[in-house]
Trainee: 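Dropping the structure in here first, questions after.
One is the number of the first residue; the rest follow in order along the sequence. Order of appearance sets the numbers: ligands from 1, and atoms from 1 within every ligand. Everything numeric here is computed off the predicted structure, so don't read it as measured data.
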Amino acid sequence: MSAVIPPTVAAARGLVEPVLRAAADRLDPITRRVAAYHLGWADAEGRPVTPGGKALRPALAVLSARAAGPQEALAAAAAVEFVHAFSLLHDDIMDGDRTRRHRPAAWTVFGQSAAILAGDALLSLAGELLLEDGCPGRVPAARGLAAATRRLIAGQALDLEFERRSDVSLDECRLMSTQKTGALLACACSIGAMAVDGPEPLVAALAAFGAEAGLAFQLADDLLGIWGSPSATGKPVLSDLRARKKSLPIVAALTSGTRAGDRLAALMAGPEPLSETELHDAAALVEEAGGRSWAETEAKHRLDAAERHLADADMPSAVRAEFLDIAHFLTSRGH
Ligand SMILES: CC(C)=CCC/C(C)=C/CC/C(C)=C/COP(=O)(O)OP(=O)(O)O
């Protein structure tokens with residue numbers, strides 16, 4: 001199944017992209033070239049191409065400002081996208097992933113050092129953009145983004161540690177996903193309202209909505225990491241099992257107390273890389289042990305919880321409907 005990108009997301013991309021490009025123009029030419037490639041503006045030779053990322057976070061940030069009033073918070077929206085872009089650049093290096101958004105990952109084209117520097121540069125541009133912006137809530141917004149980045153890093157640290165552990169609990173795995181993905185989604189959903197100095201209860205409700213939607217998004221992403229087709233995900237098939245990732249469906253299967261879960265644990269404990277047959281066996285065992293259905297149900301629960309937070313928040317009904325549209329899109333991407 002695949003879902004069409006909501007019109008709000010496409011429209012927000014058009015609004016935020018000039019801000020992103022103008023900010024990236026401040027970078028030195030070497031770093032800008034890597035950033036422009038990673039952000040999907042240019043090919044390896046610097047020729048213009050059509051951007052590949054979905055730009056969900058800036059769309060959520062734009063909506064977040066609109067929830068508080070008629071103002072825009074484009075610098076905040078661009079800053080969140082830069083943090084996201086930094087995290088993907090570094091993540092591909094850490095995971096050794098060679099493909100991103102249907103293209104060779106930046107580090108495979110420009111080398112690891114250049115890609116690390118480009119990620120660092122995007123992170124610093126995010127802070128610069130926010131703090132020099134004229135919006136009244138720029139300092140709390142910058143503090144919120146910095147805290148979300150710290151949590152994103154904590155989640156990534158757990159994710160990497162879990163690859164070497166065989167005793168990861170579902171609670172630990174949930175914490176990792178909440179930090180790795182939920183923190184920046186929560187920030188994207190609330191930073192616009194924060195930047196325009198919106199009321200505190202609205203900011204809190206939007207952050208709670210984003211945290212739940214972020215967990216639902218990560219569950220959907222984890223399902224795609226096992227059963228997603230490379231044409232839909234832009235990543236190699238069975239990539240999470242290949243990397244021995246302890247994603248939520250995998251940990252649900254490993255901790256299920258079933259024979260299939262035990263067989264999966266034995267398969268994943270071996271020292272050698274898994275063969276293609278073993279990878280397909282492992283995916284079947286995750287399913288047999290109930291990991292797939294658990295993750296699908298959990299994603300629905302998280303989406304319901306997200307909707308409840310939104311229902312309680314005071315905002316124009318059209319903005320609420322657009323938030324919901326994006327939340328449903330997050331969990332129904334191509335399989
Ligand atoms: C510090 C560090 C290295 C952190 C890494 C954290 C990390 C990679 C989290 C994964 C989050 C996620 C679901 C990304 C896909 O977003 P998306 O589908 O919106 O991506 P798109 O922009 O390509 O559409």
Side-chain angles (χ1 to χ4, degrees), residues 2-3 5-6 9-10 12-13 16-17 20 35 37-41 50-61 77-78 80-97 99-103 105-107 112 115-116 118-120 122-123 126 145-163 173 175-189 210-211 213-225 228 232-235 239-240 243 245-248 295 299 302 326-327 329-335:
S2 72
I5 294 202
V9 176
R13 180 201 283 280
V16 176
E17 191 137 316
L20 291 166
Y37 176 86
H38 176 65
L39 288 159
W41 302 334
T50 310
K54 294 180 289 299
L56 295 169
R57 292 159 190 79
L60 290 166
V80 177
E81 187 64 359
F82 274 149
V83 172
H84 170 59
F86 136 79
S87 77
L88 297 186
L89 262 171
H90 284 199
D91 185 56
D92 286 342
I93 297 168
M94 291 174 196
D95 286 352
D97 283 342
T99 312
R100 165 72 55 192
R101 296 170 178 160
H102 306 275
R103 297 196 304 169
W107 71 271
Q112 292 192 359
I116 291 170
D120 294 343
L122 295 180
L123 188 56
L145 185 60
T149 308
R150 170 169 47 76
R151 297 187 66 214
L152 167 83
I153 290 167
Q156 178 76 351
L158 285 178
D159 194 10
L160 297 178
E161 191 199 64
F162 291 173
E163 283 172 31
C173 193
L175 172 68
M176 179 268 284
S177 299
T178 300
Q179 293 183 317
K180 190 178 78 162
T181 306
L184 196 59
L185 252 288
C187 179
C189 290
L215 199 47
F217 181 34
Q218 187 57 56
L219 282 153
D221 206 62
D222 288 349
L223 288 163
L224 288 174
T233 62
K235 293 180 190 169
S239 53
D240 281 357
K245 286 275 175 205
K246 301 294 181 318
S247 69
L248 283 158
R302 303 281 54 99
I326 298 181
F329 171 73
L330 291 178
T331 51
S332 57
R333 290 178 301 141
H335 283 86

Trainee: Identify the heavy atoms of A85 and L122 that sit nearest to each other, and give their distance.
Mentor: CB-CD1, 3.8 Å
Trainee: Quick check: closest heavy atoms across Q156 and D91, and the distance to 0.1 Å?
Mentor: NE2-OD1, 2.8 Å
Trainee: Charged N to carboxylate O below 4.0 Å: is that the case for E163 and K246?
Mentor: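 Salt bridge: no.
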Trainee: Write down the atom of R151, the atom of Q179, and the distance for their closest heavy-atom approach.
Mentor: O-CB, 3.2 Å
Trainee: Please tabulate, for the side chains in residues 213-222, all donor-acceptor contacts under 3.5 angstrom to protein atoms that are two or more places apart in sequence or on a different chain.
Mentor:
unit_1 : atom_1 : unit_2 : atom_2 : d
Q218   : OE1    : T181   : OG1    : 2.3
Q218   : NE2    : D222   : OD1    : 2.7
D221   : OD1    : R333   : NH2    : 2.8
D222   : OD2    : L248   : N      : 3.1

Trainee: Looking at A35 and A118, what are the two nearest heavy atoms and their distance?
Mentor: N-CB, 4.2 Å
Trainee: Every pair of nitrogen or oxygen atoms between ligand 1 and the protein that is under 3.5 angstrom apart - can you list them with their distances to 0.1 Å?
Mentor:
unit_1   : atom_1 : unit_2 : atom_2 : d
ligand 1 : 16 (O) : R57    : NH2    : 3.2
ligand 1 : 18 (O) : K54    : NZ     : 2.5
ligand 1 : 19 (O) : R57    : NH1    : 2.7
ligand 1 : 20 (O) : H84    : NE2    : 3.4
ligand 1 : 22 (O) : H84    : NE2    : 2.7
ligand 1 : 22 (O) : R101   : NH2    : 2.7
ligand 1 : 23 (O) : R101   : NE     : 2.8
ligand 1 : 23 (O) : R101   : NH2    : 3.4
ligand 1 : 24 (O) : K54    : N      : 2.9
ligand 1 : 24 (O) : K54    : NZ     : 2.7

